[in-house]
Amino acid sequence: MVGNATRIRVADSRRALALAADTWYGHPSGKLNLVGITGTNGKTTTVTLLFNLFRSLGWSCGLLSTIANYIDDERFPATHTTPDPMALNALLAKMADHGCNYCFMEVSSHAIDQERIAGLEFKVGIFSNLTHDHLDYHKTFIAYRDCKKRFFDGLPKDAFALTNIDDRNGEVMVQNTRAQIRTYACKRMADFRCKIVEESLEGMLVNLDGTQVWTRFIGAHNAYNLLAVYSTALLLGAKREEVLVKMSALGPVAGRLDFVRGGNDLTGVVDYSHTPDALENALKTLRDTCRDRALVCVFGCGGDRDRTKRPEMGVIAAKYADKGVVTSDNPRHEDPEEIIREIKAGMDI
């Protein structure tokens, strides 16, 4: 005792806080069908599309994402990809009280490492892909990978672990999971498969497990995102025919290959690419679909983050764009000119 307060010594205070928050709010995740996705790219798009899909199917849903958090139409600001345990469980409790049937959430590597999701009961865990990111925090790629894997290690046996086996780390993620393993892929045999049939700036025709569906998305990376959405919906018990019809009406997520049509044959595209892989996916998609048009890439890198990816992103911009414009992007405590110099080092100029 310290005065009138009780002090309890624990082995891991971060985990203890998350478990206490889960208990304080009445174990809210157990009252929802909670779906979490982890990976480097595709998290925001996938959870947002799942949220929109299940709402269009008539369900009340919650969303926890990088851009914003939602309980049906009510918006709550997002300060982190995955909130701290108290804020996270408070939001889940609001969703349960509201009558939400599902919650779709992004699970960041920081959240896994810092035990923010301890105590949560997931129905589905999704792995998207793993590329270069957050090495300022995790120090090595192996540490980053193993952190992501811990999410699947913790899934219960009645949950599904859905993994992208086209990614070389897809099988690693589920090596030690107790959950029921399901796979998706665009290049290999898997439980759920997708193939791009044709593509233009207006969208792409994809083949999902033998059925062709027109979508308002472009790019191979979006084929994987759509496949993850389709696979998850079926694992959650949605009817395949209804899912396919509703998927054809889904629109792109704000800030993800978000087109702004201009005059004089000009088109602007906004994409929140902040990793080498995401930038390459965006630029390669635009290069392939805009073969007869000049491609200008305006981008920068944030400060106080992984510095090693800066020249890599410079290399990618120089490879795919006809012209690259390097600008400042939230330098935080770093000299913006130094960040730009590090990017330009990869552009051979």
Side-chain angles (χ1 to χ4, degrees), residues 39-46 66 81 109 128-138 140-141 144-145 148 164 166-170 186-187 196 199 201 204 217-225 252-260 266-332 334-349:
T40 305
N41 300 311
K43 298 189 296 297
T44 302
T45 296
T46 301
T66 300
T81 297
S109 59
S128 60
N129 51 67
L130 204 66
T131 61
H132 189 159
D133 199 18
H134 298 310
L135 298 194
D136 56 313
Y137 181 89
H138 296 286
T140 68
F141 185 83
Y144 177 47
R145 181 201 67 188
K148 295 284 191 185
N164 172 13
D166 279 344
D167 187 284
R168 62 190 178 92
N169 293 288
C186 294
K187 300 175 182 177
I196 298 175
E199 185 176 20
L201 279 178
M204 62 183 175
F217 298 82
I218 62 172
H221 62 294
N222 274 322
Y224 283 101
N225 295 335
V253 176
R256 267 62 181 181
L257 283 181
D258 196 356
F259 282 74
V260 181
L266 294 175
T267 301
V269 184
V270 179
D271 195 272
Y272 295 164
S273 303
H274 66 278
T275 67
D277 185 64
L279 182 63
E280 183 165 26
N281 285 336
L283 291 179
K284 186 176 186 301
T285 296
L286 295 171
R287 181 81 284 166
D288 290 344
T289 52
C290 306
R291 296 182 182 89
D292 58 342
R293 302 173 70 178
L295 179 59
V296 180
C297 175
V298 182
F299 77 108
C301 292
D304 298 339
R305 295 295 186 267
D306 184 359
R307 296 175 61 180
T308 61
K309 66 184 180 183
R310 294 171 186 170
E312 289 187 39
M313 294 176 74
V315 169
I316 290 164
K319 177 180 179 181
Y320 291 100
D322 296 296
K323 180 180 291 186
V325 179
V326 183
T327 186
S328 184
D329 178 6
N330 191 8
R332 299 183 177 88
E334 287 193 64
D335 176 3
E337 293 295 333
E338 179 58 28
I339 295 174
I340 289 172
R341 280 192 290 272
E342 291 181 359
I343 296 171
K344 289 170 65 178
M347 302 178 80
D348 194 27
I349 56 177

- For Asp166, which residues count as a side-chain hydrogen bond (donor to acceptor under 3.5 Å, both in side chains) partner, sequence neighbours excluded? Tyr224
- Task: Measure across Arg310 and Gly303 and return the closest heavy-atom pair with its distance rounded to 0.1 Å.
- Result: NH2-CA, 3.8 Å
- Task: Return the set of residues passing side-chain contact (heavy atoms from CB on, under 4.5 Å) with Ser273 (not counting sequence neighbours), or none when no residue passes.
- Result: Asp271, Ala278, Leu279, Ala282
- Task: Could you tell me the separation between the CD1 atom of Ile339 and the CZ atom of Arg305, rounded to the nearest 0.5 Å?
- Result: 10.5 Å
- Task: Would you name the heavy atoms of Asn222 and Thr45 that are closest together and state the gap between them?
- Result: OD1-CG2, 4.1 Å
- Task: Output the distance between atom NZ (Lys148) and atom OG (Ser109), rounded to the nearest 0.5 Å.
- Result: 4.5 Å
- Item | Least distance between heavy atoms, Pro276 atom then Ile316 atom | O-CD1, 3.2 Å
- Item | Minimum heavy-atom distance Gly39-Lys43, with the two atoms named | O-NZ, 2.8 Å
- Item | For Glu199, all residues meeting side-chain contact (heavy atoms from CB on, under 4.5 Å), sequence neighbours excluded | Ile196, Met204, Ile218, Thr285, Thr289
- Who are the side-chain contact (heavy atoms from CB on, under 4.5 Å) partners of Asp304, not counting sequence neighbours? Arg332, His333, Glu334
- Results of side-chain hydrogen bond (donor to acceptor under 3.5 Å, both in side chains) for Arg293 - residues two or more places apart only: Thr267
- Item | Test item: side-chain donor near acceptor, Asn164 and Asn129, under 3.5 Å | no
- Criterion side-chain contact (heavy atoms from CB on, under 4.5 Å) on Asp258 and Val269, from CA distance to verdict: CA-CA 5 Å; Asp258 196 356; Val269 184; 5.9 Å; no
- Item | Validation row: Lys309, His274 side chains within 4.5 angstrom (heavy atoms) | yes
- Task: Could you tell me whether the side chain of Thr66 reaches within less than 4.5 Å of the side chain of Tyr272, counting heavy atoms only?
- Result: no
- Message: Can you list everything that forms a salt bridge (Lys or Arg N to Asp or Glu O under 4.0 Å) with Lys284? Sequence neighbours excluded, please.
- Response: Asp288
- Would you sort out whether Phe217 and Asn225 count as a side-chain contact (heavy atoms from CB on, under 4.5 Å), showing the intermediate values? CA-CA 10 Å; Phe217 298 82; Asn225 295 335; over 6 Å; no
- Would a distance-only check, ignoring hydrogens and angles, find a side-chain to backbone donor-acceptor pair under 3.5 Å from Asp167 to Leu130? yes
- Step by step, work out the side-chain contact (heavy atoms from CB on, under 4.5 Å) result for Leu283 and Cys297. CA-CA 8 Å; Leu283 291 179; Cys297 175; 4.1 Å; yes
- Rounded distance [0.5 Å steps], CG in Asp306 versus OH in Tyr144: 10.0 Å
- Given side-chain contact (heavy atoms from CB on, under 4.5 Å), test Leu201 with Phe259 step by step and report yes or no. CA-CA 9 Å; Leu201 279 178; Phe259 282 74; 3.6 Å; yes
Pairs of donor and acceptor atoms involving the side chains of residues 322-331, under 3.5 Å and at least two apart or interchain, shall be tabulated with distances.
unit_1 : atom_1 : unit_2 : atom_2 : d
Asp322 : OD2    : Arg287 : NH1    : 3.1
Asp322 : OD2    : Arg287 : NH2    : 3.4
Asp322 : OD2    : Leu295 : N      : 2.6

- Please check if any side-chain donor atom of Thr40 sits under 3.5 Å from a side-chain acceptor atom of Thr275, or the reverse. no
- Task: For Arg341, check side-chain hydrogen bond (donor to acceptor under 3.5 Å, both in side chains) against everything at least two apart and list the hits.
- Result: Glu338
- Query: What residues, two or more places apart in sequence or in another chain, satisfy side-chain hydrogen bond (donor to acceptor under 3.5 Å, both in side chains) together with Arg256?
  - Reply: Thr44
